[in-house]
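I have placed the structure first, in the form of structure tokens, so that the comments after it can refer back to it.
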Amino acid sequence: MEEAGLVKFDFLGLKTLTVIDRALKLIRRDGRDVGPEWQSLDDKPTYELMASGDTLGVFQLEGAGMRDTLKKVRPHNLEDVIAIISLYRPGPMENIPIYVQGKENPEEVQYAHPDLKPVLEATYGVPVYQEQVMRMAQEIAGYSLGEADLLRRAMGKKKLEEMIAQRKRFVEGAAEHKGMDANLANEIFDTMEKFAGYGFNKSHAAAYALIGYQTAYLKCHFPVEFLAASMSLDLGNTDKLAAFFQEAKRLKIPVLAPDVNASTADFDVRDGAVVYALGALKGVGLEAMRHVEEIRSADGAFASLYDFAERVDPRHVNKKAFESLAKAGAFDCLDANRAKVLAAAPVLAQMAASAAEDRQGGQGGLFGDAEPALRPALPKAKAWNGQQKLDEEFKSIGFYFSGHPLDDVLEGLDRERVTLAMEIEDRAADGKPLEMIGMVRARSDKPARNGGKFAFLTLSDPSGEVEMMVFPETLSQNYDLLQVGNAVAITVGVKRNGEEIRLNAERVLKLEAARLSKSMGALKVRLAIGAYVADLISIVGRLAKLPDNERGEILIEMPLEDGRVVTLKLPSTYTIGISAQRALKEAPGVERVEPLKAA
């Protein structure tokens, strides 16, 4: 194109610009606005956030390796951010330690020639940008801007004949303009050639750095709006939504559960909380949930499951959508028995279709718009226990939302031995293997070079999530055990490279088979009102017969209708290890299982 005399333009479409726009609209909707530092680019707390590495969601600065680099460089102005974005690439990355050393001790930076100081001082003696290479040619060898640009292109394309000619021109120009020795001129040319091959265009990096600053500023000063906007743009990406959800928990930002009477189709903010989007649920669709939101806005909140079914358009809300909404608890405001609502999905979907036909045919009830006289009875179903609720939420939302399957188990673990996701950075300092527990949330198998498969595994525990590699031998030995949804205990190998931590699964066990419990004397089982005690007694009976070194008493807490709580101590002793805790928690009507210390 250039040889034909045409100008080539590259246009980049960045969804991050939409994230920024959406966040600003959410902020300004409440009468607030960004401060003057948004324009001046000198907000100290924003740079402190970058230096801390807490940059999940920040443009160009959120990868694990980049977060480690930010901690080392500790940017304090936009120039530092521009340099970091330019350096964090294959090739220039090896100069990050030199850059950091120069930034910490600028008086020790040395230059091959005094006239290079104005050119390289901003990057502490390290040529980072293509523009610097061009200026070096101007300052040392008297190149014009046009000649310097030709030199930049020649270095980038690495054409031998052109490079020989350019080297000769540079050495002669350095001798003429600076009286420079040929050896020094060649040394400077070698440096320029090395960096120009992968040098970044500073104007490009500056534009990226500006967006990086703006997203970091929003996360620093308006984290609720920033997270809502970020989640909105990743509405169909479960992995990203799970990461943002964990970030909200870390920042102590409430995330409101899906609710057909309160949630919006897209992510939103309300009273300092993120409103989880109905449209982010699996199997529903954003447009369908916009339809639900429109119906609710036009005619008021839904009064019942029947009311919901009769008002929505079945072309938007089908049986699959009813099921997904039920699993996520979005109908809890109308009926808290999620098992019942899920079982009723076919009936409700049929009701929606019949109501739509009546509307289309101009038919109403006997009294016009009055509610229909006949509504089918909804099927009865036992309410799910806590574990079942979480499992079904996981199917609809893609991650554990209202709690975690291992919340109760956590209290009975020997915390000196078990490392949680949020503790890895502190506990991995010595590089020794870690004992971790969790639910397998995701697994991505990849072909290995030498045959077989390795995998990237996402392990979820009550504190967060962590990704680790599973090498072929370990994966083949534990292929079925490492399926999504399984509870496992993993011995994790740790490899540190500076600030970067890499994990790999070395040994895998069923969680129930791991000996990670602390010394306990009893389990306290809390029941819900109206729980099916017979089911619980059946499980307890089996526990009494199981051989186990960890044995103790079981106490049953039963809340009564009048608010009193009755505690029953069961006769005999029982196995009370992790397997027992999980078995009890899965019993219908069990709200909580709490390990108690030995007397």
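Any value given below was found using the heavy atoms of this structure, including those in side chains, with hydrogens, waters and symmetry copies removed. In this text the structure is predicted, and so the values were computed from the model without any measurement.
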> With sequence neighbours left out, which residue pairs that include part of residues 207-216 fulfil the salt bridge (charged side-chain N to carboxylate O under 4.0 Å, His left out) condition?
Replying inline: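 Applying salt bridge (charged side-chain N to carboxylate O under 4.0 Å, His left out) to every pair that reaches into residues 207-216, excluding sequence neighbours, yields nothing.
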
About how many Å separate [atom2] of [Y] and [atom1] of [X], when rounded to the nearest 0.5 Å?
{"X": "S402", "Y": "E393", "atom1": "OG", "atom2": "CD", "value": "3.0 Å"}
{"X": "D445", "Y": "L457", "atom1": "CG", "atom2": "CG", "value": "9.5 Å"}
{"X": "R311", "Y": "R359", "atom1": "CZ", "atom2": "CZ", "value": "10.0 Å"}
{"X": "M289", "Y": "H316", "atom1": "CE", "atom2": "NE2", "value": "9.5 Å"}
{"X": "L233", "Y": "R22", "atom1": "CG", "atom2": "CZ", "value": "8.0 Å"}
{"X": "N318", "Y": "L348", "atom1": "CG", "atom2": "CG", "value": "12.5 Å"}

> Given the rule in the side-chain contact (heavy atoms from CB on, under 4.5 Å) test, do M558 and V565 qualify, once you have shown the distances and angles that lead to the verdict?
Replying inline: CA-CA 6 Å; M558 299 177 61; V565 177; over 6 Å; no

> Would you say the side chain of I84 lies within less than 4.5 Å of the side chain of M66, judging by non-hydrogen atoms?
Replying inline: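 Yes, their side chains come closer than 4.5 Å.
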
> side-chain contact (heavy atoms from CB on, under 4.5 Å) with T46: which residues, sequence neighbours excluded?
Replying inline: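 So T46 forms a side-chain contact (heavy atoms from CB on, under 4.5 Å) with D43, M50, Y213, A216, Y217, C220, H221.
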
> Yes or no on side-chain contact (heavy atoms from CB on, under 4.5 Å) for L523 and L555, after CA distance, side-chain angles and deciding distance?
Replying inline: CA-CA 6 Å; L523 294 178; L555 308 177; over 6 Å; no

>> Would you say the rings of F308 and F331 are close, in the sense that their centroids are separated by under 6.0 Å?
In response: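 They qualify: ring centres under 6.0 Å apart.
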
> Looking at the rings of F394 and F399, which for Trp means the six-membered one, are their centres under 6.0 Å apart?
Replying inline: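 Not close enough - the centres of the two rings lie 6.0 Å or further apart.
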
>> Once ring pair (Phe, Tyr, Trp, His ring centres under 6.0 Å) is applied, do any residues pair with F454, and if so which ones, sequence neighbours excluded?
In response: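 Per chain and number, F454 pairs via ring pair (Phe, Tyr, Trp, His ring centres under 6.0 Å) with F456.
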
>> If you apply the rule side-chain contact (heavy atoms from CB on, under 4.5 Å), what do you find for L41 with L210, and how did you get there?
In response: CA-CA 8 Å; L41 310 177; L210 174 62; 3.6 Å; yes

> Would L26 and F267 count as a side-chain contact (heavy atoms from CB on, under 4.5 Å) if you check the C-alpha gap in whole Å, the side-chain angles of each, and the deciding distance to 0.1 Å?
Replying inline: CA-CA 11 Å; L26 291 172; F267 286 92; over 6 Å; no

> Does R443 count as lying over the ring of Y479, i.e. NZ or CZ under 6.0 Å from the six-ring centre, within 45 degrees of the axis?
Replying inline: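 Positive - R443 is close enough to the ring of Y479 and near enough to its axis.
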
> Are D266 and T264 close enough that a side-chain donor and a side-chain acceptor fall under 3.5 Å?
Replying inline: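 Checked: D266/T264 side chains show no N/O donor-acceptor pair below 3.5 Å.
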
>> Among K395, K389, Q388, exactly one meets side chain to side chain donor-acceptor pair (under 3.5 Å) together with E392. Which residue is that?
In response: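 Single side chain to side chain donor-acceptor pair (under 3.5 Å) partner of E392 among K395, K389, Q388: K395.
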
